[in-house]
Undergrad: 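Next up is a structure, given as structure tokens.
Residue numbers start from 1 in every chain, and the chains themselves are labelled A, B, ... in the order their sequence lines are given, proteins ahead of strands.
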Amino acid sequence: MEIFGARPEGATQASLRDLEDSELFIGIYAHRYGYISTNSAVSITEQEYDKAKELKKPMFCFIVDPDYPWPPSMIEGEPGKSELLRFKKKIDVDYVRAVFTSPQDLAVKVATALGHYLTRGLVYEFSKVEGEGVPGDNYLLAELDQLGYPKTFDVLLRKSVRNLSAGELNSLRRAYSMMMAFGDEDGYRYNRGYRYLAGIHGIPDFKSKYGDFRVFLPWNRAYIYWFERYLQDASYDSSISVPWWDWRFESSKSDGIPKAFSDAIVDGQPNPLHHFHVVLPDEIDLKSFRHLTNCPKSQKYSTQRQPSSPSSLPTAREIEAILDLTDYADFSDQLEDYNNRVHCWVGGRCGDMSYIPFASYDPIFWSHRAMIDRIFWLWQTKPGNSLPANLSSEILDPFKLAVRDVLDIRRLGYDYGQQLSIEVL
Amino acid sequence: MKQKGPKVLKKVRRISPKKYVSNGIHIDITGLEEPLHKAEIVIQALNGSGFSYEGRIFLNNPNANHETEPSLKYGYVGSYHILGYGGFPSVDAFYIKRSRFDYRPSQSPVIPYKRIVVTDALRTLGAHSQKFTITIVPILPSGNNNRSIITNENIIQFDKIGIIIR
């Protein structure tokens with residue numbers, strides 16, 4: 001109501017009139033029931049809710065966690081307190097609502113819910129059945145459940161690396177550092193460390209699916225998802241997500257590689273997003289590689305990049321063009337080609353990203369591939385686009401997932417979205 | 001005292017990635033029973049075991065090279081990008097000795113195919129010609145002027161190439 005300005009009508013009428021023109025309704029409820037006008041039995045807040053329900057607006061309700069600390073001066077006493085309790089119970093019966101804590105937590109949840117609504121054109125329905133909202137019909141999730149991952153309705157929001165706050169970036173760096181520290185002694189045998197995860201794509205496992213349009217994109221999705229879950233595990237932080245690097249936009253055209261990845265030192269410490277110290281297994285022979293490429297690769301080295309001119313990165317127009325393709329094979333082939341192009345752009349002649357055996361050791365790999373996954377998802381959300389049904393049971397080795405398990409990223413518990421700024425009143 | 005012989009000049013290492021030029025392919029798009037819906041250049045079984053590279057494709061310009069402007073004016077119709085393995089004919093070749101208990105399946109560096117949609121280009125060029133040559137010019141990630149790479153072999157290796165009209 002603070003933005004209503006002066007109007008020749010009462011606050012209740014103005015509020016309800018604006019509601020009629022709204023596309024959707026977002027209700028955020030903390031500890032105040034709100035103003036009750038003299039000619040009404042319920043507050044304006046509750047009237048708005050009732051009106052939105054009557055108008056069948058898509059409704060998204062967010063209720064503050066009762067255990068989250070709140071300023072006592074912002075907590076309403078009786079009789080509003082009892083009315084609020086009744087109102088919240090009413091919401092609980094009518095709709096599935098999300099519980100929020102901090103402003104950041106609320107922002108993520110609102111953005112995620114809106115992201116689903118706007119991309120799918122459907123009202124996002126939180127499932128009321130415990131355990132749904134995360135895929136439970138595959139081995140991986142069963143394993144993760146056993147490891148104590150909470151069953152939650154929360155959806156993790158992957159963001160652009162350029163939109164991460166300083167705090168988020170620090171958390172991400174901390175997570176990478178912790179994951180990279182895993183397995184130093186055990187090498188590739190420690191299956192929760194960075195080296196093991198990177199080794200799935202190239203040396204030593206070589207599981208990547210280049211040139212296979214049937215599974216290249218689903219496999220990539222499973223890979224980033226898997227990596228993200230282990231990144232969370234390594235850092236004991238379930239809010240960590242792999243940010244995407246959008247190389248299409250003007251900022252990339254001027255800066256090239258984002259500073260988050262290009263700064264070698266941050267706050268006096270080595271930046272884990274800048275490089276990784278690779279220790280290859282002894283049984284790997286690099287003679288042929290060195291002979292052909294004349295690149296100084298050895299058993300122990302730090303990843304490096306030799307980026308080309310930023311102007312040669314793919315453009316937004318090029319990506320828009322492939323998003324218009326309706327045939328999945330066409331789309332997958334072309335997106336894979338852009339994937340390869342950016343790999344070579346980052347790696348240059350000798351950089352790790354330019355060659356399959358070493359690419360995934362470069363920390364920027366994950367954010368580049370999250371971008372590829374994001375474009376895949378954007379394509380999927382276009383009306384009429386889908387993968388051929390006969391691909392659904394293709395296995396995405398070694399992730400214990402099939403293509404059908406990864407088609408809906410919301411079932412995997414994440415989504416892509418720009419950061420949404422919300423002022424909590 | 002042993003006299004020094006003439007200084008032997010070090011061989012200059014030059015990169016000379018060979019381009020591919022096809023024989024003439026006969027296509028008469030003006031004589032099709034139905035209007036041209038889609039045209040693709042399809043390259044089958046590309047070898048990805050070596051360099052990563054961009055393959056720039058030109059129609060009816062066998063003289064194209066890495067300096068040729070990539071525009072339809074010069075016959076450029078598109079490109080593909082190969083992410084290579086860096087010199088290994090098979091993934092197993094990475095291993096000095098693979099454990100007899102390592103049951104992981106071997107991965108092939110052969111890319112089944114690349115398709116480059118050339119519908120509009122073929123419509124334009126097909127109005128004037130019924131014979132087409134396909135030229136593929138390899139461009140390395142660092143550009144083609146880097147002298148520290150030796151390439152005595154063809155970067156571009158594949159089994160078949162053709163144009164499919166739909």
Undergrad: To the nearest 0.5 angstrom, please state how far the CG atom of A/Asp333 sits from the CD1 atom of B/Ile111.
TA: 11.5 Å
Undergrad: Heavy atoms, side chains only, cut-off 4.5 Å: are A/Asn340 and B/Tyr80 in contact?
TA: no
Undergrad: Below 4.5 Å from any heavy atom of chain B, which atoms of A/Ala329 appear? Answer side chain, backbone, both or neither.
TA: both
Undergrad: For the atom pair CG (A/Asp327) and NZ (B/Lys38), what is the distance rounded to the nearest 0.5 Å?
TA: 5.5 Å
Undergrad: With respect to chain B, which residue among A/Phe206, A/Phe289, A/Tyr338 yields the maximal number of heavy-atom pairs within a distance under 4.5 Å?
TA: A/Phe206
Undergrad: Tell me whether B/His26 at atom NE2 has more than 12 heavy atoms from other residues, nucleotides or ligands lying less than 6.0 Å away.
TA: yes
Undergrad: To the closest 0.5 Å, what do you measure between CZ (B/Arg115) and CD (A/Gln334)?
TA: 8.5 Å
Undergrad: Would you mind telling me which of B/Gly48, B/Gly86, B/Pro112 has the largest number of heavy-atom pairs within less than 4.5 Å of chain A?
TA: B/Gly86
Undergrad: Report which part of B/Ile82 has an atom under 4.5 Å of a heavy atom belonging to chain A: side chain, backbone, both, or neither.
TA: backbone
Undergrad: Is the shortest heavy-atom distance from the side chain of A/Asp337 to the side chain of B/Lys114 under 4.5 Å?
TA: yes
Undergrad: Around A/Asp282, counting heavy atoms of other residues, nucleotides and ligands shown, do more than 12 lie under 6.0 Å from its CG?
TA: no
Undergrad: Using non-hydrogen atoms and a 4.5 Å limit, figure out which bit of A/Asp330 sits close to chain B: side chain, backbone, both or neither.
TA: both
Undergrad: Please determine whether the number of non-hydrogen atoms from other residues, nucleotides or ligands lying under 6.0 Å from atom CG of A/Asp324 exceeds 12.
TA: yes
Undergrad: Specify which of A/Pro398, A/Gly348, A/Pro357 makes the most heavy-atom pairs with chain B at under 4.5 Å.
TA: A/Pro357
Undergrad: Using non-hydrogen atoms only, which part of B/Val110 is less than 4.5 Å away from chain A: side chain, backbone, both, or neither?
TA: neither
Undergrad: Show the nearest heavy-atom pair for residues A/Met353 and B/Leu83, with the distance to one decimal.
TA: O-CD1, 3.6 Å
Undergrad: Short question: side chain of B/Ser52, backbone of A/Ser354 - any donor-acceptor pair under 3.5 Å?
TA: yes
Undergrad: Below 4.5 Å from any heavy atom of chain B, which atoms of A/Glu283 appear? Answer side chain, backbone, both or neither.
TA: both
Undergrad: Please flag which part of A/Lys297 lies under 4.5 Å from any non-hydrogen atom of chain B: side chain, backbone, both or neither.
TA: neither
Undergrad: Can you tell which part of A/Ser312 gets under 4.5 Å to a heavy atom of chain B, answering side chain, backbone, both or neither?
TA: neither
Undergrad: Identify the two heavy atoms, one from A/Leu286 and one from B/Phe88, that lie closest to each other, and give their separation to 0.1 Å.
TA: CA-CZ, 4.3 Å
Undergrad: Output the distance between atom SG (A/Cys344) and atom NE2 (B/His81), rounded to the nearest 0.5 Å.
TA: 7.0 Å
